[in-house]
Number of protein chains: 2
Amino acid sequence: MRPTARQVAELANVSVATVSYVLSGRDRPVAAETRQRVLDAARQLGYTPNQAARSLRKRRTQRVCLVLSSIGGVPSDERLARDLHEMADARGYSVVALAVYSEARANAAIDVLRGGIADGALINVVGDHLTHDLLSGLAATGLPMVVLSNESGLEGCDVVRTPETEACVEAVEHLLAQGRRRIAFLAHRHELYRDRPVGRLLGYTTALDRHGVTERIITSGADDRVAAYQTATELLRSPDRPDAIFAASDRAAISAIWAARDAGLSVPGDVAIVGAGNIDEGLITTPQLSTVGPLRHDYTDVVRLLFDRLQAEEAPPAREIVRSWTFLRRGSS
Amino acid sequence: MRPTARQVAELANVSVATVSYVLSGRDRPVAAETRQRVLDAARQLGYTPNQAARSLRKRRTQRVCLVLSSIGGVPSDERLARDLHEMADARGYSVVALAVYSEARANAAIDVLRGGIADGALINVVGDHLTHDLLSGLAATGLPMVVLSNESGLEGCDVVRTPETEACVEAVEHLLAQGRRRIAFLAHRHELYRDRPVGRLLGYTTALDRHGVTERIITSGADDRVAAYQTATELLRSPDRPDAIFAASDRAAISAIWAARDAGLSVPGDVAIVGAGNIDEGLITTPQLSTVGPLRHDYTDVVRLLFDRLQAEEAPPAREIVRSWTFLRRGSS
DNA sequence: CTGTTAGCGCTTTCAG
DNA sequence: CTGAAAGCGCTAACAG
């Protein structure tokens, strides 16, 4: 169905080798007139080289793979994807994205990667679908990869850490310092179904533990603006309503601000609200949203890690980047 | 680096053919004991078949490709992606996603598809990066594809239409019927840089034309919640503020509701607000958001189109689906 | 300057 | 029940 180099060669009256040299632009001297014939033939047939054959032969795909929890679930993924695409473009790579969603598909995604879909991978999957073993096994194949994860013991790849737990501790301590004692936490689902607290939830519990506050109000809702609004509304209309809400995502926190306003409560007077992620939208709420997160949303350093690895002669030592997360006090707390 | 079938074969003391038969599970009789030896050897070496080689040989990838404007830009993409993944899973396909972003990358994406990255494609790209010619050229290669587009003249593929223009006309006529005359439109960028109005913007201008209203207030902002908030704020604080805002996205419309409330205006008393897309979040605003959009967010019919095509013996005739879009009056208008 | 040829790693006849 | 061998479409020596 699709034309092959062979057909182009026949049409142009040259060998397939010449077709290959002309079209892949490798520096082999070829007569201008011949080159033109090949180009014409290729255009006429609508020829595009078969990537499977090419990468089988060259043993590289000129592709990188972005592995995410889902397509469009997490706001920061958008920036990560943009920055990756930008650098990939500049270095002549194309980008494909893979969504993990479930544990079953985590295995499938690993197989696709092991099957050689790309020369390298940038992995940002929250939750525990992509187990440590899966990741280690993949790294052990020699696939260049950089993983955004706070898990320990990841070897053979670059790791990007986000000290979110520490930053969340700081945020909750800030609330405690104001005298708030009934602090509710809106969690991401993936942080709830674990045997012990991790990540942002761990920040919450750690801060409370540290200050001898025993009350824990933990609900889900951070994954979803609507759920967050409903949860916050329930919380805020209950007789023993919290005096602070710490949400594991800014989106949920913003919903909480709206829930508070709609319930006739003042923020931060009646209830302080803090989010996580530092999305721009926090600047247009009334009051502006206090949050923990990165000061700048820039993943170029992360992305560079991957391309350094791809273009290195031999595998460089595993590197680690620690992204900076801080508490940003604004009007809502 | 990565083990090949040959190495598995040597370790198991069988031929590569046997390895292939055992691992790809095709129904060739093979002794239980031999099968086990192969399985063990494969496990021991951590063998995963090379997909490039496999699909070169089989002339199919068992993959489908989802082509989007961006990763995580459009809320409806999330549903589309989910539904596609679900059906792909059920039929034994994997899914890779491609983001187009710019015109340059549109060409790159087409090349990747022509290069045979997948057996079929589901394409949902707004704006004009993916030109009619690019799409037609791709369809002409025989690649099974379904395209979400209102453009006419797309041949050789299934097309999914969304009658958004008509639904938008209805929404604006509803505003006009209320006596609103200064109706502002918050547009998506891609609708602004065209020679003539299309899509949702066209709905806006058509309705106004039809009712002899000459005032046009067209701004950008629909792509971005923050920009929408700022734009709406400017609009609403100006001396000749609009009495209605029609936003090309619900996200922007919700920002506009906030902007109105923060400006001390009542919705819909002082200003009516209507969005587009019918996202769930419109149900938790105060007042609830009037919108145009689908009643149910379900893409299984769209996705089925693709898999029907993939699994058909010979190419079925091009089909067309028209998704239903309606005006949903709620509290904000 | 150009053609011939040997694979890349896999699947699938065809022989046994 | 299993192996040998051809070949998917391409690239890269090597030979001319």
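Proteins come first, then strands; the chains are lettered A, B, ... in the order of their sequence lines, and each starts at number 1.
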Short side-chain N/O contact to [N] OP1/OP2 from [X], under 4.0 Å:
| X | N | value |
| --- | --- | --- |
| B:R59 | D:dG9 | yes |
| A:T4 | D:dG9 | no |
| A:S15 | C:dG3 | yes |

Is the number of heavy atoms from other residues, nucleotides or ligands within 6.0 Å of CZ (B:R319) greater than 12?
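Not more than 12 within 6.0 Å, no.
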Specify the closest pair of heavy atoms between A:S70 and A:A99, including all atoms of both residues, with the distance to one decimal.
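Scanning both residues completely, I find the closest heavy atoms to be CA-CB, 4.0 Å.
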Please report the distance, rounded to the nearest Å, between [atom1] in [X] and [atom2] in [N].
| X | N | atom1 | atom2 | result |
| --- | --- | --- | --- | --- |
| B:E10 | D:dT2 | CD | P | 18 Å |
| A:R6 | C:dT5 | CZ | P | 13 Å |
| B:R60 | C:dT12 | CZ | C1' | 15 Å |
| B:N13 | D:dG3 | CG | P | 9 Å |

Using the C1' atoms of the five pairs at each end, what is the angle between the end axes of the helix from C:dC1-D:dG16 to C:dG16-D:dC1, to 10°?
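End axes: 50° apart.
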Side chain to side chain contact (heavy atoms under 4.5 Å, CB included), paired with A:V159, selected from A:I321, A:V146, A:L154
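Going through A:I321, A:V146, A:L154 one by one, the side chain to side chain contact (heavy atoms under 4.5 Å, CB included) with A:V159 is satisfied by A:L154 alone.
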Roughly how far apart are A:L68 CG and A:L98 CG, rounded to 0.5 Å?
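Rounded to the nearest 0.5 Å, the CG-CG separation comes out at 9.0 Å.
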Going from CZ on A:R43 to CG on A:D40, what distance comes out if it is rounded to the nearest 0.5 angstrom?
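One gets 6.5 Å once the value is rounded to the nearest 0.5 Å.
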Reckon [X] touches a base, only the sugar-phosphate, or nothing at all at heavy-atom distances under 4.0 Å?
| X | answer |
| --- | --- |
| A:T18 | sugar-phosphate |
| B:V19 | nothing |
| A:P29 | base |

At a heavy-atom distance below 4.0 Å, what parts of residues 50-58 of chain A sit against DNA chain C?
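Nucleic-acid contacts, sorted: A:L56, A:R57.
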Just so I know, are the side chains of A:Y193 and A:D128 near enough to count as touching, which here means a heavy-atom distance under 4.5 Å?
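Counting from C-beta outward, A:Y193 and A:D128 never come under 4.5 Å.
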Donor-acceptor under 3.5 Å (A:T18 side chain, A:V14 main chain):
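Not at all, since once roles are kept as given, no pair shorter than 3.5 Å links the two residues.
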Which comes earlier along DNA chain C counting from the 5' end, the contact point of B:V16 or that of A:R35, where each point is its nearest nucleotide?
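The 5'-side residue here is A:R35.
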Go through the structure and list residues passing salt bridge (Lys or Arg N to Asp or Glu O under 4.0 Å) with B:R323, not counting sequence neighbours.
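B:R323 satisfies salt bridge (Lys or Arg N to Asp or Glu O under 4.0 Å) with no other residue.
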A:D298: what forms a salt bridge (Lys or Arg N to Asp or Glu O under 4.0 Å) with it, not counting sequence neighbours?
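For A:D298 the salt bridge (Lys or Arg N to Asp or Glu O under 4.0 Å) partners, ignoring immediate neighbours, are A:R296.
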Look for any protein N or O under 3.5 Å of an N or O in nucleotides 13-16 of chain D and output each such pair with its distance, or none.
from: D:dA13; atom 1: N7; to: A:Y21; atom 2: OH; distance (Å): 3.4

Answer with yes or no whether the side chains of B:D119 and B:T61 bring together a donor and an acceptor at under 3.5 Å.
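Short answer, yes.
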B:E320: what forms a side chain to side chain contact (heavy atoms under 4.5 Å, CB included) with it, not counting sequence neighbours?
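Per chain and number, B:E320 pairs via side chain to side chain contact (heavy atoms under 4.5 Å, CB included) with B:R161, B:V322.
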